[in-house]
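What follows is a set of notes on a single structure, which appears directly below.
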Amino acid sequence: MIGRLNHVAIAVPDLDAAVAQYRDMLGGKVSEPQAQPDHGVTVVFVELPNTKIELLHPLGENSPIAAFLERNASGGIHHICYEVDDIYAARDKLKAGGARVLGDGEPKIGAHDKPVLFLHPKDFCGSLVELEQA
Ligand SMILES: CC[C@H](C(=O)O)C(=O)SCCNC(=O)CCNC(=O)[C@H](O)C(C)(C)COP(=O)(O)OP(=O)(O)OC[C@H]1O[C@@H](n2cnc3c(N)ncnc32)[C@H](O)[C@@H]1OP(=O)(O)O
Ligand SMILES: [Co+2]
């Protein structure tokens, strides 16, 4: 069911500093910041030959990553995103298997203008999993 690793997301307390580290220190190809108000984050993507790094910073009052940054003041790996061929079939299979789909269970349009879903970290080895429609 899961396919390509679409991205690894890192929550950062200072997006400008993180961009400078990935662009100037690590020589990465870094996108412009994208505000994603529906998700409560501003994101930047670092393009790699085989996947992407998503740098996430809270946007707005109810950002879902604010609590993560309170627990991890320096930031840290926040989630991993796998591509799936059919996000609805994947969702239904996972729910039937007892996995918790976060939010209202309906996919939302993510940073790549594709439907995305999130699965509870406690159901997947303590790691927040994002699924993105390929
Ligand atoms: C523009 C979209 C973009 C894209 O790629 O397209 C994005 O990726 S948007 C990314 C931001 N959106 C989300 O993260 C949505 C899904 N996240 C959530 O619903 C919450 O963050 C949730 C439920 C994962 C965590 O909520 P909260 O921080 O309030 O913590 P809880 O007390 O509910 O946590 C319960 C339990 O899970 C542990 N936890 C929390 N976050 C993570 C994490 N990122 N990785 C691993 N574990 C996590 C937390 O520590 C608690 O564990 P416990 O042992 O019970 O203390
Ligand atoms: Co993501």
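Note that the numbering runs from 1 along the sequence shown for the chain. The figures here come from the full heavy-atom set of this structure, side chains too, leaving out hydrogens, waters and symmetry mates. Both ligands and their constituent atoms are indexed starting at 1 by order of listing.
In the vicinity of H78, heavy-atom distances shorter than 4.0 Å reach the ligand 1 atoms 14 (O), 43 (C), 44 (N), 45 (N). Taking a cut-off of under 4.0 Å to the non-hydrogen atoms of G110, the atoms of ligand 1 that pass are 6 (O). The atoms of ligand 1 that sit less than 4.0 Å from any heavy atom of K122 are 36 (C), 52 (O), 53 (P), 54 (O), 55 (O). Taking a cut-off of under 4.0 Å to the non-hydrogen atoms of E54, the atoms of ligand 1 that pass are 3 (C), 4 (C), 5 (O), 7 (C), 8 (O).
Counting only heavy atoms of the protein, atom 6 (O) of ligand 1 lies nearest to A111 N, 2.9 Å. Nearest protein heavy-atom contact of atom 12 (N) of ligand 1 is P64 CG, 3.5 Å. Distance from atom 42 (C) of ligand 1 to its nearest protein heavy atom, with residue and atom name: P121 CG, 4.0 Å. Of the protein's non-hydrogen atoms, F118 CG, 3.7 Å is the one closest to atom 16 (C) of ligand 1. For atom 18 (C) of ligand 1, the closest non-hydrogen atom of the protein is L102 CD1, 4.0 Å. Ranking protein heavy atoms by distance to atom 46 (C) of ligand 1, first place goes to G126 O, 3.1 Å.
Looking only at distances, a side-chain donor or acceptor of K108 sits under 3.5 Å from a matching main-chain atom of D38. Remark: side-chain polar atoms of N72 are not paired, donor with acceptor, to backbone N or O of G75 under 3.5 angstrom.
Here E132 fails the criterion, with no N, O or S atom under 2.8 Å of the Co ion (ligand 2). Taking backbone and side-chain atoms together, H78 has no N/O/S atom less than 2.8 Å away from the Co ion (ligand 2).
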Give the C-alpha distance, both sets of side-chain angles, the deciding distance and a yes or no for side-chain contact (heavy atoms from CB on, under 4.5 Å) between F45 and H7.
CA-CA 9 Å; F45 279 97; H7 61 269; 4.1 Å; yes
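The distance criterion of under 3.5 Å between nitrogen or oxygen atoms is not met by H39 with respect to ligand 1. Considering backbone and side-chain atoms alike, H7 places an N or O below 3.5 Å from some N or O of ligand 1. Remark: ligand 1 and S127 share no N or O pair separated by less than 3.5 Å (distance only, no angle test).
Closest approach between the Co ion (ligand 2) and any N/O/S atom of H7 involves NE2. Distances from the Co ion (ligand 2) to each N, O or S atom of E54 single out OE1 as the nearest. Looking at E130, its N, O or S atom nearest to the Co ion (ligand 2) turns out to be OE1.
Heavy-atom contacts from other residues, nucleotides or ligands closer than 6.0 Å to CD of E106 number more than 12. Heavy atoms from other residues, nucleotides or ligands lying under 6.0 Å from CG of N62 number 12 at most. When the shell of 6.0 Å around CG of D85 is examined, it contains 12 or fewer heavy atoms from other residues, nucleotides or ligands.
The option from I80, L128, D113, L117 that lies nearest to atom 24 (C) of ligand 1, judged by heavy atoms, is L128. Comparing heavy-atom distances from atom 50 (O) of ligand 1 across R71, Q36, E132 singles out R71 as nearest.
Less than 4.0 angstrom separates atom 28 (O) of ligand 1 from at least one non-hydrogen atom of the protein.
Transitive grouping of hydrophobic side chains (ILVMFWY, heavy atoms separated by less than 4.5 Å) keeps I65 and I77 in distinct clusters. Following chains of ILVMFWY side-chain contacts shorter than 4.5 Å, one cannot reach L102 starting from L59, and the two form parts of different hydrophobic clusters.
Each of H79, H112, H78 was checked for a side chain to side chain donor-acceptor pair (under 3.5 Å) with E54, and the lone residue meeting it is H79.
Checked for salt-bridge contact, K114 and E83 miss the test: no charged N lies under 4.0 Å from a carboxylate O.
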